[in-house]
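To keep things clear, I will list the structure first and then write my remarks on it.
What's counted below: heavy atoms across the whole structure, side chains too, no hydrogens, waters or symmetry copies. Note that the numbering runs from 1 along the sequence shown for the chain.
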Amino acid sequence: MTIDESQQPAPGRGMVLAALARAERKVFTRPAPKSAKAQVKFLLTRAKGSTKALAERLGVSRRTVERYRAGTLTTPQKRLQAALVEETESEWQPQVRAQVRERAATSSGMMVDVTAYFGFTGKGSSDDGRERFITTAISPTYVKQIQELQAAGATEEDLHPIVAEAITESYFTEWGTRAAGLRADFTHVVSIAFRF
(Lines give C-alpha, C1' and ligand atoms only; values in the text may rest on other atoms or scores of the structure.)
Protein backbone atom coordinates (compact mmCIF):
# COMPACT_ATOMS: atom_id res chain seq x y z
CA MET A 1 0.00 0.00 0.00
CA THR A 2 1.39 3.40 -0.93
CA ILE A 3 0.55 6.72 0.59
CA ASP A 4 -0.77 9.24 -1.90
CA GLU A 5 -0.04 12.95 -1.77
CA SER A 6 -3.22 13.79 0.14
CA GLN A 7 -2.24 11.51 3.04
CA GLN A 8 1.34 12.76 3.43
CA PRO A 9 2.13 15.37 6.04
CA ALA A 10 2.70 18.95 4.88
CA PRO A 11 6.35 19.85 4.25
CA GLY A 12 8.28 21.73 6.94
CA ARG A 13 9.20 25.25 5.86
CA GLY A 14 12.60 26.76 6.46
CA MET A 15 13.91 23.96 8.65
CA VAL A 16 16.94 23.04 6.52
CA LEU A 17 18.11 26.63 6.16
CA ALA A 18 17.58 27.29 9.87
CA ALA A 19 19.50 24.10 10.77
CA LEU A 20 22.44 25.18 8.59
CA ALA A 21 22.48 28.58 10.31
CA ARG A 22 22.37 26.94 13.77
CA ALA A 23 25.28 24.65 12.85
CA GLU A 24 27.38 27.63 11.82
CA ARG A 25 26.59 29.44 15.06
CA LYS A 26 27.77 26.50 17.14
CA VAL A 27 31.34 26.90 15.87
CA PHE A 28 31.88 30.38 17.33
CA THR A 29 35.05 30.57 19.40
CA ARG A 30 33.73 33.50 21.44
CA PRO A 31 30.18 34.28 22.51
CA ALA A 32 28.31 36.88 20.48
CA PRO A 33 27.31 40.12 22.25
CA LYS A 34 24.26 39.61 24.47
CA SER A 35 23.06 43.06 25.57
CA ALA A 36 21.14 45.28 23.19
CA LYS A 37 23.74 48.05 23.59
CA ALA A 38 26.63 45.71 22.73
CA GLN A 39 24.72 44.23 19.79
CA VAL A 40 23.92 47.67 18.38
CA LYS A 41 27.54 48.80 18.78
CA PHE A 42 28.78 45.68 17.01
CA LEU A 43 26.26 46.03 14.18
CA LEU A 44 27.17 49.71 13.80
CA THR A 45 30.80 48.73 13.24
CA ARG A 46 29.64 46.34 10.51
CA ALA A 47 27.46 49.09 9.01
CA LYS A 48 30.47 51.44 9.03
CA GLY A 49 28.81 53.67 11.65
CA SER A 50 25.66 54.32 9.61
CA THR A 51 22.71 54.50 11.98
CA LYS A 52 20.43 54.92 8.97
CA ALA A 53 21.58 51.65 7.36
CA LEU A 54 21.30 49.75 10.66
CA ALA A 55 17.86 51.20 11.38
CA GLU A 56 16.60 50.04 7.98
CA ARG A 57 18.11 46.61 8.55
CA LEU A 58 16.42 46.26 11.94
CA GLY A 59 13.15 47.90 10.90
CA VAL A 60 13.31 50.69 13.48
CA SER A 61 13.98 54.44 13.45
CA ARG A 62 17.46 56.01 13.48
CA ARG A 63 16.65 57.56 16.85
CA THR A 64 15.91 54.12 18.33
CA VAL A 65 19.32 52.88 17.17
CA GLU A 66 20.98 55.97 18.69
CA ARG A 67 19.17 55.40 22.01
CA TYR A 68 20.36 51.80 22.24
CA ARG A 69 23.92 52.85 21.32
CA ALA A 70 23.86 55.51 24.05
CA GLY A 71 22.35 53.08 26.56
CA THR A 72 19.22 55.12 27.30
CA LEU A 73 17.12 52.20 26.05
CA THR A 74 18.14 48.78 27.33
CA THR A 75 15.28 46.32 26.90
CA PRO A 76 14.09 45.92 23.31
CA GLN A 77 10.67 44.62 22.33
CA LYS A 78 10.52 40.96 21.28
CA ARG A 79 10.59 41.66 17.54
CA LEU A 80 13.60 43.99 17.84
CA GLN A 81 15.36 41.59 20.22
CA ALA A 82 14.94 38.76 17.73
CA ALA A 83 16.24 40.97 14.90
CA LEU A 84 19.26 42.04 16.99
CA VAL A 85 20.15 38.44 17.84
CA GLU A 86 19.67 37.26 14.25
CA GLU A 87 21.69 40.10 12.70
CA THR A 88 24.47 39.92 15.31
CA GLU A 89 24.90 36.17 14.96
CA SER A 90 24.80 36.34 11.17
CA GLU A 91 27.71 38.82 11.21
CA TRP A 92 29.68 37.35 14.13
CA GLN A 93 33.09 35.74 13.44
CA PRO A 94 32.89 35.45 9.63
CA GLN A 95 36.44 34.07 9.36
CA VAL A 96 35.78 31.23 11.81
CA ARG A 97 32.57 30.38 9.97
CA ALA A 98 34.37 30.48 6.58
CA GLN A 99 37.14 28.17 7.82
CA VAL A 100 34.65 25.61 9.12
CA ARG A 101 32.60 25.75 5.91
CA GLU A 102 35.76 25.30 3.80
CA ARG A 103 36.93 22.33 5.89
CA ALA A 104 33.48 20.70 5.68
CA ALA A 105 33.34 21.19 1.90
CA THR A 106 36.83 19.83 1.24
CA SER A 107 37.72 17.20 3.81
CA SER A 108 35.55 16.54 6.86
CA GLY A 109 31.96 16.76 5.61
CA MET A 110 29.26 17.15 8.25
CA MET A 111 26.80 15.12 10.27
CA VAL A 112 23.04 15.37 9.93
CA ASP A 113 20.38 14.31 12.43
CA VAL A 114 16.99 14.29 10.75
CA THR A 115 13.50 13.12 11.57
CA ALA A 116 11.52 13.21 8.36
CA TYR A 117 9.05 11.36 6.20
CA PHE A 118 11.09 9.39 3.66
CA GLY A 119 9.58 7.96 0.48
CA PHE A 120 11.52 5.56 -1.75
CA THR A 121 11.77 4.64 -5.40
CA GLY A 122 14.08 2.02 -6.85
CA LYS A 123 14.43 -1.21 -8.77
CA GLY A 124 12.33 -4.07 -7.48
CA SER A 125 10.23 -3.69 -4.35
CA SER A 126 10.88 -1.14 -1.68
CA ASP A 127 9.45 -0.15 1.65
CA ASP A 128 6.57 2.26 1.65
CA GLY A 129 7.52 5.71 2.82
CA ARG A 130 7.45 6.42 6.53
CA GLU A 131 8.85 8.71 9.17
CA ARG A 132 12.41 7.87 10.22
CA PHE A 133 15.03 9.27 12.57
CA ILE A 134 18.44 9.14 10.90
CA THR A 135 21.89 10.25 11.98
CA THR A 136 24.52 9.99 9.26
CA ALA A 137 27.58 11.67 7.78
CA ILE A 138 27.31 13.77 4.64
CA SER A 139 30.31 13.68 2.32
CA PRO A 140 32.25 16.87 1.48
CA THR A 141 30.95 16.67 -2.11
CA TYR A 142 27.36 17.09 -0.95
CA VAL A 143 28.32 19.69 1.67
CA LYS A 144 29.89 21.77 -1.10
CA GLN A 145 26.74 21.48 -3.24
CA ILE A 146 24.53 22.46 -0.29
CA GLN A 147 26.74 25.46 0.48
CA GLU A 148 26.75 26.58 -3.16
CA LEU A 149 22.96 26.40 -3.31
CA GLN A 150 22.68 28.25 -0.02
CA ALA A 151 25.04 31.00 -1.23
CA ALA A 152 23.01 31.31 -4.45
CA GLY A 153 19.88 32.05 -2.40
CA ALA A 154 18.26 28.63 -2.70
CA THR A 155 14.87 28.06 -1.15
CA GLU A 156 13.96 25.22 1.17
CA GLU A 157 12.46 23.30 -1.75
CA ASP A 158 15.73 23.66 -3.69
CA LEU A 159 17.73 22.15 -0.80
CA HIS A 160 15.46 19.17 -0.07
CA PRO A 161 16.53 17.06 -3.10
CA ILE A 162 20.27 17.48 -2.49
CA VAL A 163 19.97 16.79 1.25
CA ALA A 164 17.82 13.72 0.50
CA GLU A 165 20.37 12.54 -2.06
CA ALA A 166 23.20 13.00 0.46
CA ILE A 167 21.30 10.99 3.09
CA THR A 168 20.45 8.29 0.54
CA GLU A 169 24.09 8.02 -0.50
CA SER A 170 25.49 7.72 3.02
CA TYR A 171 22.72 5.96 4.93
CA PHE A 172 20.56 3.90 2.59
CA THR A 173 23.09 2.86 -0.08
CA GLU A 174 26.20 3.04 2.15
CA TRP A 175 28.28 4.97 -0.39
CA GLY A 176 27.15 2.80 -3.30
CA THR A 177 27.84 -0.60 -1.73
CA ARG A 178 24.18 -1.67 -1.54
CA ALA A 179 20.69 -0.90 -2.85
CA ALA A 180 21.82 0.32 -6.26
CA GLY A 181 19.30 2.60 -7.93
CA LEU A 182 17.50 3.51 -4.68
CA ARG A 183 16.30 7.06 -4.40
CA ALA A 184 14.87 8.52 -1.21
CA ASP A 185 12.96 11.79 -0.97
CA PHE A 186 11.80 13.48 2.17
CA THR A 187 8.63 15.47 2.11
CA HIS A 188 7.99 16.34 5.73
CA VAL A 189 10.88 17.39 7.94
CA VAL A 190 9.96 17.10 11.61
CA SER A 191 13.40 18.12 12.87
CA ILE A 192 16.86 18.51 11.40
CA ALA A 193 20.26 19.44 12.78
CA PHE A 194 23.66 19.68 11.12
CA ARG A 195 27.04 19.41 12.87
CA PHE A 196 30.39 20.40 11.44
Side-chain angles (χ1 to χ4, degrees), residues 8-30 32 42-43 45-48 53 56-57 82-83 85-122 129 131-196:
Q8 291 182 2
R13 300 283 181 225
M15 295 187 86
V16 174
L17 292 168
L20 288 167
R22 279 193 312 272
E24 286 183 353
R25 291 177 180 145
K26 287 182 180 178
V27 300
F28 292 155
T29 58
R30 294 185 338 221
F42 169 73
L43 290 171
T45 62
R46 295 294 181 176
K48 297 183 170 83
E56 288 174 3
R57 202 165 146 188
V85 168
E86 178 66 29
E87 293 296 326
T88 301
E89 289 183 352
S90 71
E91 296 280 337
W92 190 247
Q93 294 190 326
Q95 291 175 337
V96 170
R97 202 178 350 224
Q99 289 170 355
V100 169
R101 289 173 62 94
E102 178 67 25
R103 187 172 49 245
T106 57
S107 61
S108 66
M110 72 167 101
M111 294 293 292
V112 63
D113 301 315
V114 63
T115 302
Y117 180 89
F118 284 87
F120 303 94
T121 56
E131 188 174 290
R132 294 175 182 249
F133 175 76
I134 295 172
T135 299
T136 190
I138 295 179
S139 74
T141 306
Y142 286 110
V143 173
K144 185 175 182 178
Q145 290 175 7
I146 290 167
Q147 289 176 354
E148 287 170 353
L149 284 171
Q150 186 183 19
T155 64
E156 191 76 9
E157 288 75 26
D158 297 333
L159 289 171
H160 274 219
I162 192 69
V163 173
E165 185 179 330
I167 292 169
T168 300
E169 179 75 19
S170 67
Y171 185 82
F172 294 109
T173 65
E174 293 181 0
W175 312 107
T177 60
R178 68 182 181 107
L182 179 71
R183 195 182 104 225
D185 295 314
F186 60 79
T187 56
H188 178 70
V189 179
V190 176
S191 67
I192 188 166
F194 292 99
R195 291 176 284 165
F196 288 103

In the structure I gave you, are the side-chain heavy atoms of [X] and [Y] within less than 4.5 Å of one another anywhere?
X	Y	value
Val100	Gln93	no
Arg97	Phe28	yes
Arg195	Lys26	no
Val27	Gln99	no

Minimum heavy-atom separation for [X] and [Y], please, with both atom names.
X	Y	answer
Ala23	Phe194	CB-O, 3.2 Å
Thr136	Ser170	OG1-OG, 2.9 Å
Pro140	Ser107	CG-O, 3.6 Å
Val189	Ala116	CA-CB, 4.0 Å

From [X] atom [atom1] to [Y] atom [atom2], the distance as rounded to the nearest 0.5 Å:
X	Y	atom1	atom2	answer
Thr106	Lys144	OG1	NZ	9.0 Å
Ile192	Arg22	CD1	CZ	9.0 Å
Arg46	Trp92	CZ	CH2	8.0 Å
Glu24	Gln150	CD	CD	6.0 Å
Ile167	Arg132	CD1	CZ	11.5 Å
His160	Glu156	NE2	CD	4.0 Å

Start with the C-alpha gap between Met110 and Leu20, add the side-chain angles, then the distance that decides, and say whether side-chain contact (heavy atoms from CB on, under 4.5 Å) holds.
-> CA-CA 11 Å; Met110 72 167 101; Leu20 288 167; 4.2 Å; yes

side-chain contact (heavy atoms from CB on, under 4.5 Å) assessment of Glu91 paired with Phe42 = CA-CA 9 Å; Glu91 296 280 337; Phe42 169 73; 3.7 Å; yes

Kindly say whether Ile162 contributes a backbone atom to a donor-acceptor pair with the side chain of Gln145 at under 3.5 angstrom?
->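 No: the side chain of Gln145 does not pair with the backbone of Ile162.
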
After noting the C-alpha distance and the side-chain angles of Arg57 and Leu43, does the key distance pass the side-chain contact (heavy atoms from CB on, under 4.5 Å) rule?
-> CA-CA 10 Å; Arg57 202 165 146 188; Leu43 290 171; 4.0 Å; yes

Residues Arg25, Glu86; criterion salt bridge (Lys or Arg N to Asp or Glu O under 4.0 Å); working and verdict = CA-CA 10 Å; Arg25 291 177 180 145; Glu86 178 66 29; 2.9 Å; yes

